[in-house]
Every structure is written in structure tokens, then in C-alpha cells.
2 protein chains.
Amino acid sequence: MTRTQRKARADAMDVSEMALETLVGYNLKRAYVVLQNDYRAVMGDHGLSPRVFSALTFVVEMPNLTQSDLARRLGIERSGLVAIVDELEARGYLNRVAVPQDRRIQALAPTESGVQAYEAALALINEHEDRMLHMLNAEEREQLVHLLKKIREIGE
Amino acid sequence: MTRTQRKARADAMDVSEMALETLVGYNLKRAYVVLQNDYRAVMGDHGLSPRVFSALTFVVEMPNLTQSDLARRLGIERSGLVAIVDELEARGYLNRVAVPQDRRIQALAPTESGVQAYEAALALINEHEDRMLHMLNAEEREQLVHLLKKIREIGE
DNA sequence: TATTGTTATACTCTATAACTATA
DNA sequence: TATAGTTATAGAGTATAACAATA
């Protein structure tokens with residue numbers, strides 16, 4: 001019996017039976033939106049957006065990356081990174097430092113204030129994820145991250 | 001020992017040790033981008049976007065939904081749905097049908113062409129996901145969808 | 001008063017293409 | 001010739017606020 005024939009017998013389908021509900025992409029997007037909405041609420045209107053926080057993480061953890069390096073690690077275009085680095089510099093969280101050996105590049109150096117902002121934001125984000133994901137036990141949460149990393153690896 | 005003290009000993013950190021890498025939100029976003037890029041490649045420039053396909057699914061599987069109903073089920077605003085329904089109507093995949101009992105609403109009725117387009121798109125998307133997710137066995141894939149649904153449920 | 005569909009508008013995220021200064 | 005950073009620009013996707021028609 002085809003799907004169309006089944007539909008001829010009943011006008012509406014149970015949501016949980018829809019093929020859409022079994023798609024990984026659809027569930028990925030919906031789950032991300034749920035998490036993101038709470039992230040924005042926690043970080044506030046003037047807080048670091050997810051992408052700016054990600055960039056700051058790399059700058060703090062791997063000091064003196066170039067912008068091209070950082071763009072590659074974040075999986076975005078060089079051009080898109082400019083505004084992100086501009087914002088971090090305007091906040092006083094990093095400096096673009098000239099590199100004498102190659103005058104095309106500028107190393108991204110975190111400031112002390114940037115390190116502090118990173119640690120404060122990370123604490124808030126960890127609280128946010130712990131609260132949002134309380135229904136997952138430690139093993140489930142680890143498994144989820146593990147499976148998501150496997151998908152990420154395709155794109156490398 | 002704090003993170004900062006650790007950093008004092010080594011200039012660069014192993015990527016896999018970064019707190020960022022353990023965050024669910026970050027991994028969710030990165031995994032979604034990987035899947036989405038292939039989705040776009042498979043569906044082509046004039047194919048149905050993810051959100052338009054999702055909307056079409058509901059219209060086909062639950063005929064005669066109103067736009068307000070559909071927006072709620074998709075988790076978006078009514079205003080944002082207008083362009084989506086416009087596109088599906090322009091493609092000839094659905095009709096806005098007047099409802100005599102309540103002249104404010106218009107039921108969304110799939111056309112035969114809309115049902116066929118839905119089934120063709122679903123076949124492409126299933127192939128796409130099977131190919132992209134070949135590194136996950138059936139159990140892992142089911143577990144992933146299960147965990148994502150748990151996160152989605154928070155937002156309801 | 002409240003709801004439905006709609007428009008106008010703005011903001012975020014992201015990509016492409018072209019430029020400049022260096023290498 | 002190729003690369004790093006930058007600008008200009010455009011296109012998704014989404015939200016908020018206001019409106020007319022209807023309940």
C-alpha cells in the first residue's frame with residue numbers, strides 16, 4: 001500500500017507518523033532553534049552571539065591565529081569574519097597585531113579583558129546548556145555530541 | 001588548576017580539548033550546516049528549500065490546515081509563512097480555499113501536482129540523508145533523532 | 001475584543017565578487 | 001601569480017508591529 005492510498009482512507013495523519021519527523025536535518029534544525037532561543041535570552045541583547053563567542057574561544061585558546069586560519073576553523077568565509085573580529089576588537093577583547101615576517105597578515109591577540117569575558121560567557125553558556133538539557137543524562141549528552149561530531153567530520 | 005593557569009604553560013591548546021567542542025549548541029549548528037550544504041546541492045537552485053518542503057509536508061499529510069495552524073506547527077510566525085505559502089501556490093502545489101463557516105481563514109489544499117512534488121522531493125531527501133549519514137548505523141541514527149526530539153520538546 | 005491573513009520593515013547570518021597590499 | 005584582509009552587495013530566514021476583514 002502506498003502512502004497516497006493510505007491517505008485516501010484517512011484525511012489527517014498522526015504527526016509522529018510523518019516522514020518529516022524521521023529526518024535528521026529537520027530535527028537538527030528544530031532542536032537548534034530551541035537551544036538558540038534560550039541562548040539569546042541568557043546572553044541578553046548586548047551579549048556575545050553564538051558565532052562571536054565561538055570566534056573568541058579560538059582567539060583565547062589558540063592565540064595569534066590569523067583571520068584566514070580562524071575563518072577556516074569556524075567554517076565560514078574570510079569576508080564574513082571581518083565583522084566578527086571588528087566587534088571583538090571594538091569590545092576590547094582582542095587586538096589585530098602586525099606580523100613583521102609577513103605584512104599581509106595580522107595575528108589575533110586576546111586581551112586580558114577578552115580572556116575574562118570568554119570565561120564569564122562560557123560559565124553562562126554551560127549553565128544554560130545544563131538547564132536546557134536536564135532531561136538528558138550524562139551518557140545521552142555525550143552520545144549526542146559524539147554523533148554530531150561524526151556528522152561534522154563529513155564536511156572536512 | 002584553572003584554565004588560565006594551564007594556558008600559561010602552553011601557548012596553543014589541542015582543538016579537541018576546547019570547551020567549545022563539548023557544547024551541544026555549537027555541535028548542533030556545525031552538523032546542521034554540513035547537512036544543509038548537501039541538501040542545497042541535491043535539491044538544486046530551483047528546488048524546494050528546507051522550510052518550503054516542511055510546509056508542503058504538512059499541507060499534504062494534513063490537508064486543509066489553516067495558515068495559523070501551519071505556522072504554529074512549523075514553529076514560525078504567521079507573517080513569515082505568507083511567502084512560503086505564496087511560493088507553494090505559485091508552483092501550483094496548493095490552493096488557498098475559502099471556508100464559508102469562517103471567512104477569515106483559508107484552508108490550504110494540496111493539488112495532485114503538490115502531492116507528486118512532495119513524494120519526489122522526499123525520495124531525494126531520503127537518498128541525501130542515507131548517503132550523508134552512512135557512517136551512522138540504524139541504531140545510532142534512531143538514537144540521534146530520539147535525542148533531538150527530546151530537545152525539541154522543551155520548546156512546546 | 002480577539003483572531004486571520006497580510007504588508008512593511010528591519011536585523012542577523014552568510015556567500016560571492018572584486019579590490020589592495022603584500023608575498 | 002597567489003594569498004590576507006577588506007569592502008560592497010545581495011539573498012535567505014526570521015521577527016515585530018500595524019492594518020483590514022471578520023468573528
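In what follows, chains carry the letters A, B, and so on, assigned in the order in which the sequence lines appear, proteins first and then strands, with residues in each chain numbered from 1.
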Can you check the A:Y32 OH to C:dT12 P distance for me, whole Å? 14 Å
Could you go through A:R131 and A:D38, starting from their C-alpha distance and side-chain angles, then the distance that decides it, and tell me whether this counts as salt bridge (charged side-chain N to carboxylate O under 4.0 Å, His left out)? CA-CA 10 Å; A:R131 179 170 38 73; A:D38 188 73; 3.1 Å; yes
Salt bridge check, A:R30 against A:E21: does any charged N sit closer than 4.0 Å to a carboxylate O?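 A:R30 and A:E21: not salt-bridged.
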Parallel, tilted or perpendicular for B:Y39 and B:H128, by the 30°/60° rule?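 Perpendicular, since the angle between the ring planes exceeds 60°.
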Produce the list of close N/O pairs, under 3.5 Å, pairing protein atoms with atoms of nucleotides 9-11 of chain D; give distances to one decimal.
none

With respect to the phosphate group of C:dT12, does any side-chain polar atom (N or O) of A:Q36 fall under 4.0 Å of OP1 or OP2?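 No, outside the criterion.
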Using the closest heavy atom to pick a nucleotide of DNA chain C for each, name whichever of A:R40 or A:P100 lands nearer the 5' end. A:R40
Flag side-chain contact, heavy atom, 4.5 Å: B:L148 against B:L28: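 The answer is yes; the side chains approach within 4.5 Å.
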Between C:dT22 and A:R103, counting only base atoms on the nucleotide and side-chain atoms on the residue, is there a donor-acceptor pair under 3.5 Å?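 When only heavy-atom distances are counted, A:R103 does not reach the base of C:dT22 through any donor-acceptor pair under 3.5 Å.
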For A:L65 and A:K29, find the nucleotide of DNA chain D closest to each by heavy atoms; which residue's nucleotide sits nearer the 5' end?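 Result of the comparison: A:L65.
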If you assign each of A:T66 and A:N37 to its closest nucleotide in DNA chain D, which residue comes earlier from the 5' end?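 Taking each residue's closest nucleotide, the earlier one in sequence belongs to A:T66.
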Please list all pairs passing the side-chain hydrogen bond (donor to acceptor under 3.5 Å, both in side chains) test where one or both residues lie in residues 69-88 of chain B, with sequence neighbours left out. B:T66-B:D69, B:D69-B:R72, B:D86-B:R96, B:E87-B:R91
Residue-level proximity of residues 68-84 of chain B to DNA chain D when a heavy atom falls under 4.0 Å: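 Contacts with DNA chain D under 4.0 Å: B:I76, B:E77, B:S79.
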Under 3.5 Å side-chain donor-acceptor pair for B:Y93 and B:Q116: no
Measure from the side chain of A:R51, starting at C-beta and using heavy atoms only, and say which of C:dT14, D:dT22, D:dA2 lies closest.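 Per side-chain heavy atoms of A:R51, the pick is C:dT14.
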A:D102 has its side chain closest, among C:dG5, C:dA23, C:dC13, to C:dA23
